[in-house]
Number of protein chains: 2
Amino acid sequence: MAINYDNFIVKPGESTQCAQCVVRKLALFQGVKLENLEWTQAIRQEQFILKPKRRLFEEGEPPRYAYTLFSGWVAQYQTSPDGGRMIHQFALPGDFIGFQAKSGHPIDYSAQALTEITVCAFPVKELNKVLKELPELSNRLIDMHSHTIKLCRQHMLSVGRKSAKQRLAYLFLELFHRVKAIGDLMPGTEEDSIAFPLSQEDLADALGLTSVHVSRTLRELTDEGLVSVRHRRLTILNEPALTDLAQFDKAIVIQDHPLL
Amino acid sequence: MAINYDNFIVKPGESTQCAQCVVRKLALFQGVKLENLEWTQAIRQEQFILKPKRRLFEEGEPPRYAYTLFSGWVAQYQTSPDGGRMIHQFALPGDFIGFQAKSGHPIDYSAQALTEITVCAFPVKELNKVLKELPELSNRLIDMHSHTIKLCRQHMLSVGRKSAKQRLAYLFLELFHRVKAIGDLMPGTEEDSIAFPLSQEDLADALGLTSVHVSRTLRELTDEGLVSVRHRRLTILNEPALTDLAQFDKAIVIQDHPLL
DNA sequence: AATATAGCTTGATATAAATCAAGTACAACC
DNA sequence: GGTTGTACTTGATTTATATCAAGCTATATT
């Protein structure tokens with residue numbers, strides 16, 4: 001159950017200065033004054049690179065680090081004893097992963113890299129200390145939590161009350177717009193398409209469906225000319241129709257994104 | 001769409017002193033030092049009473065107040081345009097309702113009283129100011145958010161990956177234990193039973209099912225002697241079997257409850 | 001006491017999604 | 001260049017849950 005830290009690769013020196021970090025504007029330390037960034041820098045471990053499918057942490061572990069995702073895609077999920085996997089949230093660069101207030105208790109979910117990822121690791125012990133010292137950090141974390149909860153609610157509405165087709169449409173739009181909102185950090189982002197590393201099984205596990213059913217449903221969406229998912233790329237072909245089908249509200253998903 | 005404030009009834013003077021408040025140990029202001037409670041008291045509006053089925057706020061409104069639930073049960077839900085209702089969370093005394101970080105945007109969910117409720121109302125404008133002034137408050141809010149997210153994840157796992165029977169069992173156990181954890185504040189709490197105001201339709205809307213199917217499924221649970229729901233009372237008759245069926249983990253639900 | 005109403009039950013039927021089972025395309029590896 | 005394995009597709013069938021419809025309690029209302 002213990003994490004094998006051989007999975008981690010220390011990243012060579014460049015772009016490890018918090019003060020110059022291009023992701024910081026999206027991340028937890030956005031609000032920290034420059035002169036306080038020494039704190040951040042001091043408690044931060046090196047940046048780590050993780051290969052696709054590798055786990056950042058696993059449910060049941062006591063949390064040792066929290067992470068700012070620097071690049072790549074992460075799936076956060078829970079598993080039930082009978083094997084089902086439920087992805088409750090995908091993380092994108094800038095997102096803060098693995099933090100829970102009571103660090104004494106084991107964490108209740110897992111996080112897995114979907115692409116090669118880079119993360120900045122912060123020991124939770126230090127982090128909790130800094131949270132007490134720098135109030136602007138706490139308020140920043142509140143903003144981010146507030147946004148997380150909002151996404152969580154929307155996702156739950158999807159899973160609980162929408163058809164397979166609607167769920168799929170909703171997820172495509174959510175991810176498309178989240179990626180576009182931070183477009184300059186995501187390689188391969190175009191006007192109406194994005195790089196898209198999710199397998200149909202990932203989609204199924206995020207939507208409470210089976211991969212077989214996702215395949216069929218995706219085919220319908222494709223045949224109707226609404227989207228295209230090929231070669232790890234998602235293209236939105238008819239956004240109005242898709243938005244209407246999914247009952248998607250762009251404002252809710254990105255209105256209070258940290259960046260904006 | 002605007003709230004009709006005639007719905008609210010100002011509660012007569014007793015028990016409105018924050019310093020003596022029996023709910024405070026569970027609520028946002030738990031961590032506030034006694035000498036700082038004047039802030040709390042100052043920004044707090046009167047306590048309000050709301051009748052069952054009345055709404056505290058509705059999705060689409062700009063949030064004007066956030067509330068500490070003082071007594072009673074509240075359902076927090078979203079509706080999709082085609083009429084479906086999804087209850088994402090039930091609130092109990094001590095819970096903090098209706099807060100979102102960016103107060104400039106409309107709120108994306110509604111809150112409705114399931115019983116007669118009493119709330120303490122805090123204007124979000126003032127609240128944001130106090131959050132900046134009193135760091136202990138921010139950290140407290142982080143704890144509460146962290147717990148909310150945890151419950152949300154668990155609920156999502158239920159809705160996305162469990163059978164109707166398991167979902168129902170899980171929800172019964174979650175609510176049973178949450179109520180018991182604050183038992184002294186909940187009238188009618190016994191060793192193995194609690195007052196339980198939810199209708200089968202409420203259950204259905206929380207679980208992503210129809211009320212017809214809840215009726216049938218509940219019957220199965222009853223026939224198997226696992227629970228009994230009668231006269232607005234929930235009795236857990238066979239907790240081990242129920243826990244096993246639901247794959248319920250009591251620790252996750254209440255381990256980092258504010259009280260503990 | 002009579003009546004209305006909301007919540008629950010139960011049966012018959014329909015449907016969305018799961019499951020089981022083969023087969024295909026395609027990238028990764030030797 | 002062939003082989004292996006993973007992801008995806010497609011068809012046939014089953015199952016869980018939804019839908020439609022009618023009747024049944026309780027509780028509240030007059």
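Below, chain A is the first sequence line, B the second, and so on; all start at residue 1. Treat the numbers as computed from the prediction; the structure is a model and nothing was measured.
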More than 12 non-hydrogen atoms from neighbouring residues, nucleotides or ligands closer than 6.0 Å to CD on B:Q247, yes or no? yes
Would you call the rings of A:F57 and A:Y67 parallel, tilted or perpendicular, taking 30° and 60° as the class edges? parallel
Quick one: sort the B:F248 and B:H177 rings into parallel, tilted or perpendicular, breaks at 30° and 60°. parallel
Test of understanding: with side-chain hydrogen bond (donor to acceptor under 3.5 Å, both in side chains), list the residues that count as partners of B:E174, not counting sequence neighbours. B:R178
What does the B/S/- profile of nucleotides 7-27 of chain C look like, 5' to 3', with a 4.0 Å heavy-atom cutoff to protein? SSBBBB----BSB--------
Any salt bridge between B:D202 and B:R85, counting N to O under 4.0 Å? yes
